[in-house]
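Below, each value reflects all heavy atoms present in this structure, side chains not excepted, and no hydrogens, waters or symmetry copies. Labels below follow one simple rule: chain letters A, B, ... track the order of the sequence lines, proteins then strands, and each chain is numbered from 1.
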Number of protein chains: 2
Amino acid sequence: MNLHFEPARADAIFFALGDATRRNILSRLMRGPASITELADHAAITKTAVGQHMALLQDCALAKSEKRGRVRTCRFDPAGLRTLQGWIDYHREEWTGRLGRLGEILDD
Amino acid sequence: MNLHFEPARADAIFFALGDATRRNILSRLMRGPASITELADHAAITKTAVGQHMALLQDCALAKSEKRGRVRTCRFDPAGLRTLQGWIDYHREEWTGRLGRLGEILDD
DNA sequence: CATATAGTCAAGTCATGACTTCACTATCTA
DNA sequence: TAGATAGTGAAGTCATGACTTGACTATATG
């Protein structure tokens, strides 16, 4: 089991996922790449707002994007979820280390 | 693999974990039960604030508590993390279903 | 070239939520 | 029983962050 994760990044990830609109955007990206305009339509907010959310999502590696011509293509980035999984595993370890129960329960 | 989770509860969990103070409290509780006063000292906030955080954490099954006499004993509740794990697994499935890559990457 | 399209930047609005204070109740203890 | 301790409820303060507008740049297309 890989228990490595960067706590600072985990913080940012929890903050990022704490917002429903960003989870909405992320869900959309998991189904495939999308432009800013597409994401704006999907989330019913302005392109500016999407840009702001994307900046945040990219900072914690939950998404990435590249611009070709005038259109920016946004994609889901699995690296962030890997960090999130690391956080869970780490704390599961902490919990099981003390009480030996979370592992069983999470694995049930 | 168990892909069941309640989306509404997942929302609440992400919101709850999006706050650093609540993650702090939760970390403390994973090391063992604590009173409101202990948690307040640990997080350097008032007991009232802790009570508010606890209400939130309990709503999404990340913590539980019971009052005996005048002291309320707070405990970590693994049910919430189980839901969080369910969310990850579900979206991993969604992603792998379309592109067949997140599974490998998360499992690396 | 003229117009439409895609996105970005700076600035500001507004709601939410984290936290406090103060007054209060309940329980414990000297 | 008097005083201390543990927590709760109501109400308000304050900062943050989600979002918008409007002006702007860059790219595409008739």
Side-chain angles (χ1 to χ4, degrees), chain A residues 8-29 31-77 80, chain B residues 8-29 31-77 80:
Chain A
R9 185 148 288 181
D11 265 37
I13 286 176
F14 277 120
F15 179 79
L17 291 175
D19 181 74
T21 303
R22 279 191 292 268
R23 286 200 306 283
N24 177 21
I25 289 175
L26 210 59
S27 271
R28 168 63 189 79
L29 290 182
R31 272 181 250 115
S35 70
I36 299 282
T37 301
E38 282 166 4
L39 292 176
D41 291 348
H42 183 254
I45 53 178
T46 61
K47 298 173 211 182
T48 304
V50 170
Q52 289 161 357
H53 286 308
M54 277 303 298
L56 236 153
L57 290 170
Q58 291 184 354
D59 281 348
C60 58
L62 282 166
K64 48 190 171 183
S65 75
E66 77 277 347
K67 198 171 180 178
R68 185 170 308 208
R70 63 183 167 174
V71 42
R72 174 174 297 280
T73 301
C74 308
R75 300 173 189 279
F76 169 67
D77 184 352
Chain B
R9 186 147 285 182
D11 265 38
I13 287 177
F14 277 119
F15 178 79
L17 291 175
D19 181 75
T21 303
R22 279 191 293 267
R23 285 200 306 282
N24 177 22
I25 288 176
L26 210 59
S27 271
R28 169 63 190 79
L29 290 182
R31 271 180 252 117
S35 69
I36 298 283
T37 301
E38 282 166 3
L39 292 176
D41 291 348
H42 183 254
I45 54 178
T46 62
K47 298 174 212 179
T48 304
V50 170
Q52 289 161 355
H53 285 308
M54 278 302 299
L56 235 154
L57 290 170
Q58 291 185 8
D59 281 348
C60 58
L62 282 166
K64 48 190 171 184
S65 74
E66 78 277 345
K67 196 169 181 178
R68 186 169 311 206
R70 62 183 167 174
V71 42
R72 174 174 297 279
T73 301
C74 307
R75 301 174 188 280
F76 169 67
D77 183 350

Measure [atom1]/[X] against [atom2]/[N] and give the value in whole Å, please.
{"X": "Met54(B)", "N": "dC19(C)", "atom1": "CE", "atom2": "P", "value": "15 Å"}
{"X": "Asp19(A)", "N": "dT16(C)", "atom1": "CG", "atom2": "P", "value": "13 Å"}
{"X": "Lys67(A)", "N": "dA26(D)", "atom1": "NZ", "atom2": "C1'", "value": "7 Å"}
{"X": "Phe15(B)", "N": "dT16(D)", "atom1": "CZ", "atom2": "P", "value": "16 Å"}
{"X": "Glu66(B)", "N": "dT8(D)", "atom1": "CD", "atom2": "P", "value": "12 Å"}
{"X": "Arg72(A)", "N": "dT27(D)", "atom1": "CZ", "atom2": "P", "value": "12 Å"}
{"X": "Gln58(A)", "N": "dT8(C)", "atom1": "CD", "atom2": "C1'", "value": "13 Å"}
{"X": "Leu39(A)", "N": "dA6(C)", "atom1": "CG", "atom2": "C1'", "value": "13 Å"}

task: On DNA chain D, check which nucleotide each of Ala44(A) and Thr73(B) is closest to and give me the residue with the more 5' one.
output: Thr73(B)
message: Judged by each residue's nearest nucleotide on DNA chain D, which is more toward the 5′ side, Arg68(A) or Leu56(A)?
response: Leu56(A)
Using residues 55-63 of chain A as the side-chain source, report each donor-acceptor pair under 3.5 Å to any protein atom, sequence neighbours left out, with the distance given to one decimal.
from: Gln58(A); atom 1: NE2; to: Ser65(A); atom 2: OG; distance (Å): 2.5

- request: Please round to the nearest 0.5 Å and tell me the distance separating atom CD of Gln52(A) and atom CD1 of Ile45(A).
  value: 8.5 Å
message: Within the 4.5 Å heavy-atom criterion, are Thr73(A) and Lys67(A) side-chain neighbours or not?
response: no
Considering all heavy atoms, the nearest [X]-[Y] contact:
{"X": "Cys74(A)", "Y": "Leu29(A)", "value": "O-CD2, 3.4 Å"}
{"X": "Val71(B)", "Y": "Ser35(B)", "value": "CG2-CB, 3.8 Å"}
{"X": "Phe76(A)", "Y": "Leu26(A)", "value": "CD1-CD1, 4.1 Å"}
{"X": "Arg28(A)", "Y": "Glu38(A)", "value": "NH2-OE1, 3.9 Å"}

message: Does dA18(D) have its OP1 or OP2 closer than 4.0 Å to a side-chain nitrogen or oxygen of Thr21(A)?
response: no
query: Any side-chain N or O of His53(A) less than 4.0 Å from the OP1 or OP2 oxygen of dG17(D)?
result: no
message: Can you pull out every salt bridge (Lys or Arg N to Asp or Glu O under 4.0 Å) where at least one residue sits in residues 42-54 of chain A? Sequence neighbours excluded, please.
response: none
- request: Report the residues that fulfil side-chain contact (heavy atoms from CB on, under 4.5 Å) with Arg70(A), sequence neighbours left out, ordered by chain and then residue number.
  value: none
Tell me what [X] touches on the nucleic acid: a base, only sugar-phosphate, or nothing, going by heavy atoms under 4.0 Å.
{"X": "Thr46(B)", "answer": "base"}
{"X": "Arg22(B)", "answer": "sugar-phosphate"}
{"X": "Thr48(A)", "answer": "base"}

What's touching nucleotides 2-5 of chain D from the protein side, N or O pairs under 3.5 Å?
from: dT5(D); atom 1: O2; to: Arg70(B); atom 2: NH1; distance (Å): 2.6

Acceptor/donor pairs from residues 8-25 of chain B side chains to any protein atom, 3.5 angstrom cut, sequence neighbours excluded:
from: Asp11(B); atom 1: OD1; to: Arg23(A); atom 2: NH2; distance (Å): 2.9
from: Asp11(B); atom 1: OD2; to: Arg23(A); atom 2: NH2; distance (Å): 3.0
from: Asp19(B); atom 1: OD2; to: Thr21(B); atom 2: N; distance (Å): 3.1
from: Asp19(B); atom 1: OD2; to: Arg22(B); atom 2: N; distance (Å): 3.1
from: Arg22(B); atom 1: NE; to: Ala16(B); atom 2: O; distance (Å): 2.9
from: Arg22(B); atom 1: NH1; to: His53(B); atom 2: ND1; distance (Å): 3.2
from: Arg22(B); atom 1: NH2; to: Phe15(B); atom 2: O; distance (Å): 3.4
from: Arg23(B); atom 1: NH1; to: Leu17(B); atom 2: O; distance (Å): 2.5
from: Arg23(B); atom 1: NH2; to: Asp11(A); atom 2: OD1; distance (Å): 2.9
from: Arg23(B); atom 1: NH2; to: Asp11(A); atom 2: OD2; distance (Å): 3.0
from: Asn24(B); atom 1: OD1; to: His42(B); atom 2: ND1; distance (Å): 3.4

Polar-atom pairs under 3.5 Å, protein N or O versus N or O of nucleotides 12-14 of chain C: list them with distances, or write none.
none

